[in-house]
Amino acid sequence: MSGGGCSIVWFRRDLRVEDNPALAAAVRAGAVIAIFIWSPEEEGAYYPGRVSRWWLKQSLAHLDASLRNLGTSLVTKRSTDSVSSLIEVVKSTGATHLFFNQLYDPLSLVRDHRAKELLTAQGIVVRSFNADLLYEPWEINDTQGRPFTTFSDFWNRCLSMPYDPASPLLPPKRITSGDASRCPSEALVFEDESEKGSNALLARAWSPGWSSADKALTTFINGPLIEYSVNRKKADSATTSFLSPHLHFGEVSVRKVFHLVRIKQVLWANEGNIAGEESVNVFLKSIGLREYSRYMSFNHPYSLERPLLAHLKFFPWVVNEGYFKVWRQGRTGYPLVDAGMRELWATGWLHDRIRVVVSSFFVKVLQLPWRWGMKYFWDTLLDADLESDALGWQYISGTLPDGREFDRMDNPQIEGYKFDPNGEYVRRWLPELARLPTEWVHHPWDAPESVLQAAGVELGSNYPLPIVEIDAAKARLQVALSEMWQQEATSRAAVENGTEEGLGDSSESAPFAFPQDIQMEVELEQPSRNNPAITVRRYEDQMVPSITTSLQRDEEESSMDIRRSTSDGRPEVPTSINVGPELQREAPNQGGFLTIRNNNSLLQLNILELQNAEDSTAESSSSGRMERDGGIVPVWSPSASNYSDQFVGGQSGLGSSSSYLQRHPQSHQLINWT
DNA sequence: GTATCTTTCAT
DNA sequence: TGAAAGATA
């Protein structure tokens, strides 16, 4: 048969067959060719880290197997420009339709828009769907039709929407395969030789792919969920859902999670189980934060790079790569922080509480620029997710309207006794402190010499003294803050006098370039002469997360000790840190182009056009709710407003540049195909 | 019962 | 840090 008339399903972060609206629509339309395009260079600085790539590789294999069971297979392409590859695929297969599920990070918004524009121009029917969210970002607005700027208002609105999130779709029973014979798969390489050893261990703890995701969900709902609100305090527990990497790659639908969890909640409510009911609320809140991260990214695309509160751009961050390195290596001298960083480095996983601890320490005590920390998380976390991580770092950094106060500084010692009261977590990840009594385990610097000696701890030798004293850090933070306000006042005065037009956009487009070498520099950490065994242990290779049985872990530890002799076992963080994806904007009055620069593509969208489109939508939206029938959903609600001036984006006009999609609302059609 | 101290927990 | 919930007088 000829491939003519078939549909392409473009898989990205929706690696599942169940509740996949794009796949379902394609199956409905007839013959299907499923493709995945691996084009990591497009992500610029956010080239996926080693553990993310490992996950993706497994997940794709799993998806391919599932598609084969249903009657087709996954065509894979290696590319440096996904849209060009898409066009080639369409041409070589003679497809007439393209279906995909929407993404909300700035790069994807632009890329998907371009795909729609180019393919539509060639007569291809292009449809995209919401598979990633409970509600589309533009569905959730305040009473005046403007996007929310605080999480709790946003989430309350989501929970009180007049209509429920769409019900999950069943997987297709069978897929008629389109003819992909003239569109052969290309081999994708997700790991290099040096990464294989480290990756092999991941498989013991994690199992990527949609069916494992489903299993994890069921296990969680029938197990830890009911106690979720009680257990969330413990840093070292297996009480989290472990769904985040699955959710990142779309192996399980967030709507399915939502519905199943809500069913449990109703059940527990009827039984009068208050704790269970509350647990569901707490868990759903974390789903809501994921939701909100997309919402923020959509409404403020620059929030991945810049603080949302304008004055924070004047904060004098401490640009100290030495601090940065010490933090990454888990050698800050604060046991809870160090244990967390060692766990992250070794396993690619960190309990949410500990993420808060280490990132708060990073921003408040070390005063390093939060984007560095965010980048390191991106490189090392198994569930690295740009939107979620940006939201998290901005929250911690106090750069959100509803984030923590900027001058609040947490004390790792106090948090240590709160989240790890018996010191078990610290002892597991910091063997050099393993023999220290609980009384001192979170503040060894206060311990009597005799206690340290008995525990084999030599401060400054096999475990460091605190890199910065908390009191000193507090004082430094105050100084930095007054400097910030002074700068801010100066700048505002300059703007009011008209001496500084446009706020010097060019200089702030990349607030803090990433350090050239963001890798773990293990070679600088020679095994200590005093205690070689412990030092070697500290830098051994990737360990599995704590969810495995202790038996398994023992095996792994011994096997890793052997491997240690041949490779340095550091996480493989890409060495080439390119500039970008960097969103650069020239002032609208100078020609008005939103320029998105990337390694291999340069996209330009005319901002003047966007602004016109904005005006018209502002008018139409004032007339009431946005249309849902007719299949057209407006894609962006302008945040033209009184609050926007507190945002960097609003102040310099960047907020409105997020409307690049709005110019073509029809390009974001949502098919009403029930 | 209220008034005031203490603890908890932040998106 | 400070608002809300819990504990104690």
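Reminder, nothing fancy here: chain letters follow the sequence lines and each chain counts from 1.
- Judged by centroid separation below 5.5 Å and plane tilt below 30°, A:Tyr395 stacks onto the base of B:dT11.
- To the nearest angstrom, P of B:dA10 lies 9 Å from NZ of A:Lys418.
- Atoms CG (A:Leu308) and C1' (B:dT11) sit 13 Å apart, rounded to a whole Å.
- Atom CH2 of A:Trp155 is separated from atom C1' of B:dA10 by 18 Å (rounded to the nearest Å).
- For A:Asp352 and B:dC9, the CG to P distance is 14 Å, given to the nearest whole Å.
- Counting to the nearest Å, the P atom of C:dA3 and the CG atom of A:Asp402 are 16 Å from each other.
- The interatomic distance linking A:Glu278 (CD) with C:dA5 (C1') rounds to 13 Å, in whole Å.
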Query raised in the report: When you look at A:Gln394 and A:Ser303, which way does the side chain to side chain donor-acceptor pair (under 3.5 Å) test go after all the steps?
Result: CA-CA 8 Å; A:Gln394 292 236 24; A:Ser303 66; 4.8 Å; no
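- Phosphate proximity of B:dT11 to A:Lys285: present, with a side-chain N or O under 4.0 Å from OP1 or OP2.
- The aromatic rings of A:His443 and A:Tyr417 sit perpendicular to each other, their planes meeting at more than 60°, with 30° as the lower class boundary.
- Remark: A:Arg353 is in phosphate contact with B:dA10, judged by side-chain N or O atoms under 4.0 Å from OP1 or OP2.
- Taking the centre and axis of the six-membered ring of A:Phe298, the NZ or CZ atom of A:Arg294 falls outside the cone set by 45° and 6.0 Å.
- Taking atom CD of residue A:Glu415 and atom P of nucleotide C:dT1, one finds them 13 Å apart after rounding to whole Å.
- Cation-pi geometry between A:Arg355 and A:Trp349 is met: the NZ or CZ atom falls under 6.0 Å from the ring centre, inside 45° of the normal.
- The distance between atom CG of A:Leu289 and atom P of B:dA10, rounded to the nearest whole Å, is 11 Å.
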